Visitor: 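Structure below; questions to follow.
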Amino acid sequence: MSTINEARAADALRAHDRDSERAQAQSRPLGGIAGWVDERTGGAKGVSFLMKKVFPDHWSFMLGEIAMYSMIICLLTGVFLTFWFVPSQAQVVYDGSYVPLQGVTVSDAYRSTLDISFDIRGGLLIRQIHHWAALIFVVSVFVHMARVFFTGAFRKPREINWVFGTILSMLAAIEGFAGYSLPDDLLSGTGIRAMNGFVQSIPVIGSYMSYFIFGGAFPGESIIPRLYSAHILLLPAALVGLFTAHILLVFLQKHTQFPGPGRTNNNVVGYPFMPVYIAKAGGFFFIVFGVIALISAVVSINSVWTYGPYDPSPITAGSQPDWYMGFADGALRLLPGFLEFEAFGFTFSMNIFPGSILLLPVMWGIIGVYPFVEKWVTGDEREHHLLDRPRNAPTRTAIGVAGIVLYVVLFFAAGNDIMAIKLHLSINDITNLLRTLFFVGPPIAFWITKRICLSLQQADREKVLHGRETGTIWRHANGEFEEIHAPLTPSERWPLVQHEIQAPLVVSETTDAQGVANPVARKERLRAKLSHFYFKDRVEPVSPAELEAAHHAHGPEVIEEPSEPEVAAPAIERS
């Protein structure tokens, strides 16, 4: 008998509708406040993902952490300074605690800086912590970028993160310039005056840009308030936003790691976020903060009271910008004066504009596009989560060292007048020497660095084939002496043989069988030439066959040592 139309009570029709909801509520792993928050935000999944995140354990990864912690210190101390700093160029008579300047007419910005230094309890220490943290932030960002560049951590899928980091480093330098220009002392005012000259050197629109930035003729009364707004609002917002995006991409793309046994492109070997990494990161933050506080307490920096208030009338010599802007000043000093010319009724100051204004976007633009250039040259579309040893990418390493040498030459050029005075030398001779080094130094550094990298690769190859030196001398029956080598353990051998060496690309035919020109032949020829430049000189890693042959060839002359057991990784995160 069919029961399809069997009568049922109305209240029983929906008796089990909410059983699944009740079971889900009873199975929630969290209770109390955590459960209440999870039910309304769904944050438990994100927290669970974070807790399981694995971080590689290598000292070089701390460079990025130093940048993060110093930026946090800058933000905290900056909030303290905003309570008392007055961003105004209104003229007042100083009557504070610093006796030598009492009764002197100064700007309100300079007066408030002196008050913070002498009348606010702990103000001078906070000022110095803020300045030192800013310097360490910029240098740690640059060194972190160097680590990323030399190890190839910018390769797919991290090109966007490299671009973010490049923009962040440029904004950090600009933020630093805006910060040390605020006290309106003689040194910072000279820097602002130099900036005004740089802006005016922009062809055609330079004078209009200067009036727009300064709110009229230099110095005006608007530049300090405008720099203050940029320094505490616009630039920090951009820095924090880029830094947040940078960190999120690192979490999504997982961490890179140096090669070693058990480490592949599909996993991350290291320590979990909780409890190991969070404890190490927290302790390291206080170490960074303690070191910065110690330096700030014992090493004076930016003592504005010794410079005095800014006065646009005197011409001061010997003023130097902070180190991260020194290269631009050096480029300005190396440019010859005959590059200035007039055309179409305008003056083109090519003896100033390229080094002062054009250099910054060009330099950071080249740095930002490099990953895409290398990817196009190599044609490598794979994802890379294992880092390169710098010696195994000799051309890239040589390019990086050449760039550093170029920067160092420009940095020293920023102090050519100081060197001439202290060393009793001709400033013209120093300038001409630095001009020569600007063109000669980077190619020489490139060649030397590449040779060193290839030599280190060859040394690694010999070490894998013949083992490491033991210091034991063996005397043969015929009187010959020979040092005995011990074979490497698998853990020692792995980083020396795991890398790939790419061969140069071969140029395809410029025409097809019918004699029709290949439309992409010219581009392929350029790509092949660059590939030849990158990979012509190379040392192939030891293959398994070569290693086996070397072991048979050595025979009993090699001291066999027991292999070291591989230490299990604390945690492995797989993609």
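Computed from a predicted model, the values in this text were never measured in an experiment.
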Visitor: P203: what forms a side-chain contact (heavy atoms from CB on, under 4.5 Å) with it, not counting sequence neighbours?
Guide: F348, M350, F353
Visitor: Strictly distance-based, threshold 3.5 Å: is any side-chain N or O of Q257 a donor or acceptor partner for the main-chain N or O of R263?
Guide: no
Visitor: How long is the straight-line distance from CG of L234 back to CG of L239, given to the nearest 0.5 Å?
Guide: 11.0 Å
Visitor: Any salt bridge (Lys or Arg N to Asp or Glu O under 4.0 Å) pairs touching residues 284-313, not counting sequence neighbours?
Guide: none
Visitor: Is there a donor-acceptor contact under 3.5 Å from the side chain of R226 to the main chain of I213?
Guide: yes
Visitor: Any sub-3.5 Å donor-acceptor pair from Q91's side-chain atoms to Q89's backbone N or O?
Guide: yes
Visitor: Measuring only between side-chain heavy atoms, which start at C-beta, is P219 closer than 4.5 Å to F214?
Guide: no
Visitor: Closest approach of A445 and V401, non-hydrogen atoms and distance?
Guide: CB-CG1, 4.2 Å
Visitor: Do N196 and S210 have side-chain atoms, one donor and one acceptor, less than 3.5 Å apart?
Guide: yes
Visitor: Evaluate the side-chain proximity of L114 to Y94: yes if any heavy-atom separation is below 4.5 Å, no if none is.
Guide: yes
Visitor: Apply the side chain to side chain donor-acceptor pair (under 3.5 Å) test between T77 and each candidate in H130, R127, H131; give the one that qualifies.
Guide: H130
Visitor: Out of curiosity, L168 CG to W364 CH2, how far, rounded to the nearest 0.5 Å?
Guide: 11.5 Å
Visitor: For the residue pair V204 and F344, establish whether any side-chain heavy-atom pair is separated by less than 4.5 Å.
Guide: no
Visitor: Using ring-ring contact (aromatic ring centres under 6.0 Å, His included) as the criterion, point out the one residue from F243, F285, F137 that pairs with Y69.
Guide: F285
Visitor: In terms of relative ring orientation, are W162 and F149 parallel, tilted or perpendicular, with 30° and 60° separating the classes?
Guide: tilted
Visitor: Other residues, nucleotides and ligands only: do more than 12 of their heavy atoms fall within 6.0 Å of CD1 on I160?
Guide: no
Visitor: Which atoms form the tightest heavy-atom contact between A328 and L359, and what is the distance?
Guide: CA-CD2, 4.0 Å
Visitor: Between D388 and H384, do the side chains contain a donor N or O and an acceptor N or O under 3.5 Å apart?
Guide: no
Visitor: Examine the side chains of D185 and S188 and answer whether a donor and an acceptor come within less than 3.5 Å of each other.
Guide: yes
Visitor: How about F372: does its CZ atom have over 12 heavy atoms from other parts shown lying under 6.0 Å from it?
Guide: yes
Visitor: Which label fits Y180 and Y324: parallel for a plane angle under 30°, tilted from 30 to 60°, or perpendicular past 60°?
Guide: tilted
Visitor: To the closest 0.5 Å, what do you measure between OG (S140) and CE (M68)?
Guide: 10.5 Å
Visitor: Does this structure show an ion pair linking E381 with K375, if we count only N-O contacts that are shorter than 4.0 Å?
Guide: yes
Visitor: Does a side-chain heavy-atom distance below 4.5 Å link R158 with H385?
Guide: yes
Visitor: Does the side chain of Y98 pick up a donor-acceptor pair with the side chain of Q102 at under 3.5 Å?
Guide: no
Visitor: At what distance, to the nearest 0.5 angstrom, does CG of N416 lie from CZ of R435?
Guide: 9.5 Å
Visitor: Report yes if the side chains of I301 and L135 come closer than 4.5 Å at any heavy-atom pair, otherwise no.
Guide: yes
Visitor: Only one of F412, Y407, F411 forms a ring-ring contact (aromatic ring centres under 6.0 Å, His included) with F327, so which one is it?
Guide: Y407
Visitor: Would you say that S349 contacts Q200 through its side chain, given a criterion of any heavy-atom pair below 4.5 Å between the two side chains?
Guide: no
Visitor: Heavy atoms only: give me the nearest R396-Y370 pair and the separation to one decimal.
Guide: CG-OH, 3.6 Å
Visitor: Tell me, with the steps shown, if V138 and W323 meet side chain to side chain contact (heavy atoms under 4.5 Å, CB included).
Guide: CA-CA 10 Å; V138 178; W323 67 268; 3.9 Å; yes
Visitor: For the residue pair H231 and G179, what are the closest heavy atoms and their distance?
Guide: CE1-CA, 3.3 Å
Visitor: Distance check, rounded to the nearest 0.5 Å: H58 atom NE2 versus R147 atom CZ?
Guide: 9.0 Å
Visitor: Tell me whether the count of non-hydrogen atoms from other residues, nucleotides or ligands lying under 6.0 Å of CZ in F289 goes above 12.
Guide: no
Visitor: Is there side-chain contact between I129 and I73, with at least one heavy-atom pair below 4.5 Å?
Guide: yes
Visitor: Is NZ or CZ of R193 both nearer than 6.0 Å to the six-membered ring centre of Y310 and within 45° of the ring axis?
Guide: no
Visitor: Which heavy-atom pair separates A414 from G326 by the least distance, and what is that distance?
Guide: CB-O, 3.2 Å
Visitor: Verify side chain to side chain contact (heavy atoms under 4.5 Å, CB included) between D329 and L410, making sure each step is shown before the conclusion.
Guide: CA-CA 8 Å; D329 192 10; L410 295 178; over 6 Å; no
Visitor: How about CZ on F258, more than 12 heavy atoms from neighbouring residues, nucleotides or ligands closer than 6.0 Å, or not?
Guide: yes
Visitor: I would like to know whether F118 and L124 meet side chain to side chain contact (heavy atoms under 4.5 Å, CB included); could you show each step before the answer?
Guide: CA-CA 7 Å; F118 295 107; L124 180 58; 5.8 Å; no
Visitor: Looking at residues at least two apart in the chain, or sitting in another chain, which of them share a side chain to side chain donor-acceptor pair (under 3.5 Å) with D108?
Guide: R111
Visitor: Measuring from atom CG of N161 to atom OG1 of T166, what distance do you get when rounded to the nearest 0.5 angstrom?
Guide: 10.0 Å
Visitor: Is any side-chain heavy atom of F446 less than 4.5 Å from a side-chain heavy atom of P442?
Guide: no
Visitor: Please step through side chain to side chain contact (heavy atoms under 4.5 Å, CB included) for the pair S296 and L125, ending with a clear verdict.
Guide: CA-CA 6 Å; S296 304; L125 178 62; 4.2 Å; yes
Visitor: Write down the atom of S112, the atom of A109, and the distance for their closest heavy-atom approach.
Guide: OG-O, 2.8 Å
Visitor: Under the side chain to side chain donor-acceptor pair (under 3.5 Å) criterion, do S303 and T306 qualify, and how do the steps go?
Guide: CA-CA 6 Å; S303 52; T306 62; 3.2 Å; yes
